Structures are given as structure tokens and as C-alpha cells.
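Report on the following structure.
Note that the structure is predicted; figures quoted are calculated from it, not measured. Proteins come first, then strands; the chains are lettered A, B, ... in the order of their sequence lines, and each starts at number 1.
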Amino acid sequence: MTDAQYDVVVVGSGVAGALVAYRVASNGKRVLVLEAGATVDRDAAVAAYAAAPVKNGFKALGAAYAEFSAEGPENAAATGYYVQTTDRAFKSTYERVLGGSTWHWLGHTPRLLPSDFALHTLYGRGVDWPMSYAELEPWYVEAERELGVAGDDDEWNGVLGAFRSEPFPMGKIWPSVADRHVADALRDRQIDGMTLRVRSTPSARNSTAYDRRPACAGNSTCVPLCPIGAKYDASVHVRKARERNVEFRERSVVTALVADESGCITAVEYRRSGAPHAERVRGRIVVLALHAIEVARLLLLSSLGNRSGQVGRNLMDHPQRAMLGLAREPVYPFRGPPATSGIEEFRDGPFRATHAAFRFSVGNDGWSRSGSPLTDLHAAVHDDRLFGAELFERLRERTSRQLRISCSTEMLPDADNRVTVPPGGPRDDMGLPRPALRFTVDAYTTDALDRAMDIAHRIYEAARATVPTLPDPNGFSGAGHIMGTTRAGNDPAASVVDADLRSHDHPNLFVVGASVFPTSGTANPTLTVAALALRASAKIDAHLGSA
Amino acid sequence: MAVIASQGLINTAADLRAALAEACELEHGLACSYLYAAFSLKRELAEGLTLRQQQRVRKWASQIYFVASQEMLHLAQAWNLLAAVGGAPYVDRPNFPLSSRRYPLHIPLRLARFDAATLARFIRFERPENLFNSASVSFAAPDIQAQISAESEFDTIGRLYDLIENAITANPALIVGSRLAQGDTGLADFPDLIKVVDVASAIRAITLIRDQGEGMKIDRADCHFGTFRDILRELYEETAAAAPGTFAPARPAIDDPSYQDDPAFRPPSSHLVVDPTASVAGRLFDDIYAAMLSGLHYAFRQTTADRWTRERIAARCIALMSTAVLPLGELLSTLPSGVGTSTAGAAFSIGRRVDIPIGNAWSVFDGALDALHQTASAAAVRFPTLRPTFEHVSAALTAAPTVRS
């Protein structure tokens, strides 16, 4: 049965989908949002996280959101959600809940650099974006205002060419003790002929009360969730969208799009959890905001939007590597967000013709990514047979000095890094083929990882910190920054959507989210996702107005 | 001072310095009052809260702590304004409770645990100038609404800052002080702290204070007024959602406690805490607080002292806020007061405060903290059930500061 027509049907309620729904509805349009997951009860999520027996150092996998989530990479059965087709598994995940992955993100919101939009023109690598930094800059301002970004104007205006036309909505999050420790070590020093500066990382985390949400209280559990809502998550714009009469249908998994001969999307087919049959809705405009892997899966299953052959291809992440150190004096981690500052000098330069750019993050979470302090406790009790005051003193002394310097490294788009949906492959709980991933990292990126770790080691030397164990020279982790699978471009033969994020193949279909990124840069993608979504909302409004 | 302010007159530099001293007292007193309420909030499920209630109460505590931290920024900013007009940082204030006639606001400034009446007082202090809409607190009980909406001789604290701003704007020559005599973001951990060097920076400083909370010119949700109002609304919601009489977010902390045996230093309407354990903890709190005030006064005032020493002392004082003052303040609200069924609380008492001398400042200050460290260590031994907190405070009193320069 075909439902009543909406002006806009949005698939997915993460930051991109929620912003589009909110903005379009603010102009009086009738909007429906279909979301695979459910509303998160923050208190219940806190309770679930608190009760999780293993916090896994970085996040309790799926524990906080299991009750609210559609099946996905965080909570799939033992066999896993992804079908991994390469030796090295793709590990980055996302949340399928109302509000999406911003529930569990760290909250960092740096902008891309002007050079990130012109990687091919400048360095002969990758491709260029179909827009410039200057064109997107006003939308960055809007996105920072909508999300509530805290940052330091003096530190950031003009860094690596990224001018700012407006100040940050809030002053910066205060630097951690570790930030100052590293900053002091780098003062009056050069590494590789460069002066490195520790800058506070712009964050969608309240440094003061903002948008009726409290200031950060230093709970330090940003990943997987903020118990007080000081860190932005898209439930903010879900709420605002609801206040503008946007209809949300939860636990509604979109299974297919239907198009007519002209290419117009005429129906969105979805199935509610537990329902035996699919339902359909129609929208004058359909906006896909499902996150990079799901959007590719949906288009491939629907056999739509892929005249270019690029749907699912160019899968990117920001491979990360961390070097852990022990400071000579306490740096008191876990007082505040898991990271509050970074080093930006390696995000651009002539070297990008030969190896990737990278960005350093100074951790404020000890060695938690390797399991500390639980691993420290285990070692002290099991290996060293400590107990009582000696055990307390060992943990206090060691944990208080733990440092982390991580790098996030750009990747080039590679058509062979891709999402597919093999028809004969394993199925998820809705009976849909699970996404199969092929993901490899080339020397452009691995050379950068190696260089980053060399520099990190020299930073530790400058700080006179010890490095008990060097990182695996072949290892890297995912950043949760899944990008590229429906990339934007001016050439319909080489891209899926145009500069307005409208499908080249379907005039009433838009795609928002990091899947549209042609290249990765080194910035956490969410702010750029938000800026693009707001820009696309204006295009959608214009399209509805003229149609 | 009250006379000057109530007459709306600042005619001379001395008048201006007096008005700023009054502002310092208010910022300082408000910070202590807010901290006391936050200290009294429960933290653990074992205190009779459901998980949902615990999350709400912890959020309220974090919000009030944040507002208190901004009051401390305002105090530091008022010190800079004072220094700019030829004054010196003013750290003194009368011990609690203060008469409602102490300031033209005619609102009592006191230490009381968190509840609707306390929040109503806080809202009243922070009420926006001119544009307050009484309908915005229509959710509250009638007596609370009346308390919030009551008129006073002066509308708001903002009126005091208006007088100060008008005086400086009308006579820029009042800006005479050394810019060296002021705190900056390198000296103290306040990213928004403004050095006052001219009329423009003075206006920026005063605007910062007003925008964040006192005497807002618009009713903005994110200022102190809006924060306290939202907390009050949530308090009513959580109370209504719970079975009648079951939701008690705060411990029964005694009003206006005192640990001063000497009546000369104890305000007549304060309540002497007699429980021996609380008395030890309460006196330790007061001594740490006094040491902290002396240290901050030194750091902000002693412009001829070397910068490194000033920074080191300031860093140590600021670190003590979270590592000693906060845990002791919260601990006190859990201890019996010895007066009925009430628990104790932090008195923020100031006795005779002796300034730290230039010359051997670090040695003197470090020695003072070391003596308090010994006191805290002894308390840890004497009161084994409270050992973790006293040991934590003891360690904090010996921790080396993190100094940037």
C-alpha cells in the first residue's frame, strides 16, 4: 500500500538526516524520517554502560545501545555484521539508533582544510571536490552554530589556510594536564624543521551552557555516551525536528527504493521490526542519510544511482596508530574528555605528493585504548602479586602518568576498496544481504603512519617520557570515519552525486553524510557532514520551491 | 558601600573602588553559596536515589559547579577591574550568614542545602534586569514564585555593574592601574579572563560578567538565571514523578554552619557544628580555603614578585579547588553535625587572613600547605572510615603544581 505523500522522506536520523529534516520542516515542509533503530533513553543507556562487565578501554561494544539499535556492526551476532573479504578486517562501526553515531562519537569537529578540497590539483593525488573550502565556509559557520562548537579563534583562524568568517560559538574546552605537558615539551623546539604547536581541538561539546544543554562536567565517558548531554548528539536535532512536526517512524528498516522510467524515486519501501510485510511511502524528495555503508548497500540492493559504477566504491577511513608513553610526572588522565588537543602541522604540505597527511591527537584517556586501567590491574594482581596499599600505589602511580599520542591518517580513494552485497551471501535479521567489505591500505597511507610514529617518538623524547612498547609497525585501527561510498563530483561518469549532493541519476534523490566525500583529508568528518547537510537542505528547499 | 550603591552615585575613584569591592564580595559570596548547595547533593544510589534520579542530581551538581566556577571567573575579573582603577584584589567577605540588608538586593546571602527555596534565592540573585517575565517561573509553587518575583531596592546585581560601567565610561581617566597588576589567562586557569587596560576592555569585562549570569539584559536560557530556573523546573518534575515524599536529592546539611569556637568570629545566627569528626573536617576545610585565598591574593596582587612564583602559587590554589575543597565539601555534607538530624557542611569561614610575604613566598606558602597536609594525614589515621578522602586531600596538599612557564 502506498502511503500519503510527503514533501521529503529522509532515510536515517543521524546528524545529517536530523539536520535536513529540521531545516526543511522549519520552512513548512511535511517531512517523514524513517529510522532503523529506536529512541535512546539516555538514563537506560548509562545504566547499560555502567553494568557492562568490560568497558573495552574505548567503548563497551554495543552495550550502551543494544536495547535501541537495529542490527549493525556494534551488536551483530557472533559471526559479525560485515562480510570481510580481505585479510585485514575493516573495524570501524556505526550506530543504528535514533540520532545515529553521534551518540558514541568523541565530538571533535575540526574543519577540512582548503587543500583537502583540491588534492588532485595541488598534489596530483586523488580527486578534487566539486566545491571549494570558500564555498563551504559559510555552512561550516552554520554547522558550528547548530551543533554548538567550542574552540579558540586565536588558535584556529587561518591555520593552514582555513580562514574563519565567524568566531566559534563558545570558547575552547580547557586543555588537559597532558596537553600542557606535551605543549611545554615542544616549546622552543623543532622537529623535522617544524615548530609543532598543541592546539585545542574544536569540539561539539559545551564549554559553557549552550542551547539549553549543560557545560561539560568531565565525566570522560564521551565514548560511548555523555550522561548529561553536554556533548552534542543528533537527538538535539531530532527533538527540534519533532517540534516542527517532523514525523519519525522508528524501527523501520528501508529495504528498497523504487524508481520510474524517468528515474524519479516513486517509493521508499521499508519494513517495521516484527512486521511480516513491507510498506511504502512517497516523497517529492528522498534523502538518504543512512551512513556510508548502509547507503551503498541500499542503492546496490535497489540497483539504483549507479550509472557511474561508483556506488560502494572508494571506501575510506582514517587509519590510526597510537604510541603510548609514560610521563616523568603525573598527567592525571580521565579528568575531562578523552582528548582535547592535537597537533595540526602535518595536515598539509608538499609531502602529500608522496605520502598522506596526518593529524595528531593528544590523549587524555591514559592507555585505555589498550585496556588500561583494567589491564594494569590484571598485571599488578596476576603477574606481580600485589595487593592492598602496594597495589593501590602501583595503580595510582602508573595510571596517573600514562600518555597517548595518536595519529589519524588520510587515505586516497581506491575504487577497489568497496562495499558490495553478494546475492548469495549471509543475511541479516531482516533477511537482507549483509554488506561485504574489501578494504586495503596502500603505501601512501602506511608511509604516513610510519612517519607519524617517528615524530610521536621524538615528541616523547622531547617530553622525556618513556615508551615501554613501540606500536606494531604493521598495525592500525579504524577511526569510525567511514567515507566515500557515494562520492560527489561534477562528472556523472565518475561520481554518484553532484555538488548539491543530488544523485546524477535520479532528480529527486539526495545523499547526505560522509559517503559523499571524494577524499578524506584528516579532519574528523562530522562537522563537514553537517555543513554539507545544511547546504543540501537549502538546495532541497529550492528544488521543492521550483518544482 | 551599600549606601553608595543604593544612592546610585559613583562620584570619585574611591567610590568606584568601593563599588567594585562590593561586587567582589557578592561574586565571592555567591560562589560559596552555590558550592554549598552543590556539595549537599547526593551522589550514590545507596543514598536512596533511583538511577534516573541519580543522573538528574549529578547533572544538577555539575551545572551548579559550573556556575560557581564562572562566579570565580567573575571574581577574578572584578579583581582586574579593581586593579585597573588603582585598587588591589579584594578577597575578604563577611562570614555566613549575611543579613539581607548587607547589599541593596535585600536577599539573604547564606549557606543552605539544595532545595526549591535555595534555588529560588539563586534565581532571584541572577534575575535578568527589566525583562524578567514572571510567567517563566509559573511552574513553581506560589511561595517560590513570590520569592523569585519580589521587588527590591535595586533590580539586580546588574544595576551595580551598570553604575560601575557608567562611571568608567564617563571618566576614562579612572583607568590608572598597571596592567601588570592584573591576572591573565597565563596566571590563572580562566580562559575568558580579560585584562582591563582601557574603557573598551573594561566594558568587555563587565559585559562578560553580565552575559554569563548577573543581571542579564535578556532572559537567555543559557545564563545562570536560565540554568537555575531549568534546574528548579526539573526538580518539580522529578518530585512529581516520584512517589510522594520519596525524592530527596540533597542531604540534610545544616544551614550556615560554623566551626569557630570563638564567638567573636562566629556570626550570631550561624550554627556551631559539634560532632567531633565533622569539626576536624570542617576546620581543615576552612584552613585550606583560607590558604587558597591568601595564595590567590598573592598571585593577583604582588606585581613585584617574580612571575614564576606567582604562577606556581596560583596553579597550586586552583588545583586545590578540585582536589581538596570539593572532596572535603562533599564529605562534610555526609557527616553528622551533632545538631539534631542534620549533617554538617563547609562553612567557608575566614578568620584573620595573613598575607603571604614577598621574598620567600613559595617557602611560606608551601610550608602552610605542608602543615595542612600533616593535619589531613593525622585525620586519615584518626578516622579510618574516612581515610580515603583524608588521604586524597593530604596527597593533594603536597602535589606539585603544573605550571606552564
Inset, instruction - For the residue pair B:Tyr65 and B:Phe39, categorise the inter-ring angle as parallel (less than 30°), tilted (30 to 60°) or perpendicular (more than 60°). - result: tilted
Heavy-atom contact with chain A under 4.5 Å, split by part of [X]:
{"X": "B:Ser322", "result": "side chain"}
{"X": "B:Arg58", "result": "neither"}
{"X": "B:Gln70", "result": "side chain"}

Inset, instruction - Sort out for me which of B:Thr227, B:Asp222, B:Asp230 touches chain A most, counting heavy-atom pairs under 4.5 Å. - result: B:Asp222
Inset, instruction - Give me the one residue out of B:Phe114, B:Tyr34, B:Phe66 that meets ring-ring contact (aromatic ring centres under 6.0 Å, His included) with B:Phe228. - result: B:Tyr34
Inset, instruction - Report yes if some heavy atom in the side chain of B:Thr323 is under 4.5 Å from a heavy atom in the side chain of B:Leu320; otherwise report no. - result: yes
Legend entry - Sub-6.0 Å ring centroid separation between A:Tyr232 and A:His237: yes
Inset, instruction - Using a cut-off of under 4.5 Å on heavy-atom pairs, state which of A:Asp152, A:Asp41, A:Asn206, A:Thr208 scores highest against chain B. - result: A:Thr208
Legend entry - Residue among A:Ala217, A:Ala47, A:Gly171, A:Pro227 with most heavy-atom pairs under 4.5 Å to chain B: A:Ala47
Inset, instruction - Give every residue pair that meets the salt bridge (Lys or Arg N to Asp or Glu O under 4.0 Å) criterion with at least one member in residues 214-232 of chain A, sequence neighbours excluded. - result: none
Legend entry - A:Arg164 to A:Trp156 six-membered ring, cation-pi geometry met (6.0 Å, 45°): no
Inset, instruction - Please flag which part of A:Ser207 lies under 4.5 Å from any non-hydrogen atom of chain B: side chain, backbone, both or neither. - result: backbone
Legend entry - Atom group of A:Arg335 that falls short of 4.5 Å from chain B, counting heavy atoms: side chain
